[in-house]
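Lettering of chains follows the sequences in order, A, B, ..., and the numbering in each one begins at 1.
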Amino acid sequence: MQLTVSTWNINSVRLRIDQVGRFLKERRPDILCLQETKCPNDKLPLKDLQAFGYPFVVHMGQKGYNGVAILSRYPFSETSVMEMCGRQDARHITVTLSREAKAAAGLTIHNFYVPAGGDIPDPDLNEKFRHKLDFMAEMRSWGSRAKPTAGPAILVGDLNVAPLEHDVWSHKQLLDVVSHTPVETEALEELRQEAEWIDAMRVLRPEPEKIYSWWSYRSPDWAAADKGRRLDHIWLSKGMKDTLRSIDVTRDTRGWERPSDHAPVTVVLEL
DNA sequence: ATGTCGTGATAGTCACGA
């Protein structure tokens, strides 16, 4: 069977519920992971999401900020959340697919929203940057301790780091910009390698191809300027490498009316 | 290159986070 998994920082699921529906209709993933839902659990437009063809929905949300959700055509046997950095701030949720998912049974999907980190890339001057580094350190120790890649697993999300030189429009100009500083890119690469996660995008589309999933709202002509960053990622456990068939960024959504500043990333696996 | 968004607390704008 083929399994299609998408990840999208939606920047308010209520404001853009119609865009979620349009994307699901056009791309038809089996599973969609959302970040920045920006709503409490009881305000999630659950009926709409289910009506799009996704009866199984889990959400860890809160008022105003953050929030992660997973929509699925297949049921879950388990779901849980981690309180990263001792905070209940809705930045992680995970599911394991049940036996009804057939060849995908037992597959675990982790959905993360890593802190953006503020503007100043110095943990002594900027508490938000410190939080971001602490968060990645905790992801690394989790990878070492919990062995999340021991079985079939996918880690997706807005990791808020563009790790490689060609994950940004200008490597030199962004070396001092939060999301591409060496301390961040090294931390992300180390935590990825700690659990031997595979960066699915770069397996099929290696450097030096430029690949982005985010374009700032502040760029007036985002498409022409194309000053993007690859902040959204799909990682596979090492045992799943041979299942990888395709991966893409749905850049079109960024051109929709009142868009999210992130575009969805979608992987197709043959299980 | 300090620009553009979304939410929430408020009552027309402003703070905050991104």
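- Looking at A/Arg192 and A/Glu189, a side-chain N of the basic residue comes within less than 4.0 Å of a carboxylate O on the acidic one, giving a salt bridge.
- Between A/Lys132 atom NZ and B/dA18 atom P there is a gap of 10 Å when expressed in whole angstrom units.
- Rounded to whole Å, the distance from CD on A/Gln62 to P on B/dG6 is 19 Å.
- The side chain of A/Arg91 lies closest to B/dA18 when the candidates are B/dG8, B/dC16, B/dA18.
- Under the 6.0 Å distance and 45° angle rule, A/Arg73 counts as a cation-pi partner of A/Tyr54.
- For the segment residues 110-129 of chain A, the set of residues with a heavy atom within less than 4.0 Å of an atom of DNA chain B comprises A/Tyr113, A/Ala116, A/Lys128, in numerical order.
- Separating the NZ atom of A/Lys43 from the P atom of B/dT7 is a distance of 12 Å, rounded to the nearest angstrom.
- The CH2 atom of A/Trp256 sits 18 Å away from the P atom of B/dC5 (whole-angstrom rounding).
- Separating the C1' atom of B/dT2 from that of B/dC16 is a span of 15 Å, rounded to the nearest Å.
- Note on A/Met82: it clusters hydrophobically with A/Trp197, by side-chain heavy-atom contacts below 4.5 Å among ILVMFWY residues.
- Between B/dA1 and B/dC14, the distance separating the two P atoms is 26 Å to the nearest Å.
- Atom-to-atom, CG of A/Asp89 to C1' of B/dG17 comes out at 13 Å; the value is rounded to the nearest Å.
- Out of B/dC5, B/dG17, B/dG3, the shortest distance to the side chain of A/Tyr65 is found at B/dG17.
- Between A/Phe112 and A/Trp142, the gap from one ring centroid to the other is short of 6.0 Å.
- Ion pairing between A/Asp252 and A/Arg27 fails under the 4.0 Å rule for side-chain N and carboxylate O.
- Residue A/Asp158 comes nearest to A/Leu231 through the heavy atom pair OD1-O, 3.6 Å, listed as atom of the first residue, atom of the second, then distance.
- Annotation: of the two residues near DNA chain B, A/Ser219 and A/Leu15, the 5′-most nearest-nucleotide partner is A/Ser219.
- Contact annotation: A/Arg258 side-chain N/O to B/dT4 OP1/OP2 distance is not under 4.0 Å.
- Side-chain contact, A/Thr96 with A/Thr108: a donor N or O sits under 3.5 Å from an acceptor N or O.
- For the residue pair A/Thr266/A/Ser6, the side-chain donor-acceptor check at 3.5 Å is satisfied.
- For the segment residues 156-169 of chain A, the set of residues with a heavy atom within less than 4.0 Å of an atom of DNA chain B is empty.
- Between B/dG6, B/dT4, B/dG8, one nucleotide has an atom nearer to the side chain of A/Arg14 than all others, and that is B/dG8.
- Judged by distance alone, the side chains of A/Ser213 and A/His262 never bring a donor and an acceptor atom under 3.5 Å apart.
- Between the CZ atom of A/Arg16 and the C1' atom of B/dA18 there is a distance of 12 Å, rounded to whole Å.
- In this structure, the CD atom of A/Glu36 is 15 Å from the P atom of B/dC5, given to the nearest Å.
- Each of A/Pro259 and A/His262 was assigned the nucleotide of DNA chain B with the nearest heavy atom; the assignment lying further toward the 5' end belongs to A/Pro259.
- Residue contacts for A/Lys227: at a heavy-atom cut-off of 4.0 Å it reaches a base atom on one of the strands shown.
- A/Asn9 places its CG atom 11 Å from the P atom of B/dA18, with the value rounded to the nearest Å.
- Comparing B/dA15 with B/dA11, their P atoms are spaced 13 Å from each other, to the whole Å.
- With B/dG8, B/dG3, B/dG6 as the choices, the nucleotide that has an atom nearest any side-chain atom of A/Lys63 turns out to be B/dG8.
- The closest side-chain donor-acceptor pair between A/Glu184 and A/Ser179, if any, does not fall under 3.5 angstrom.
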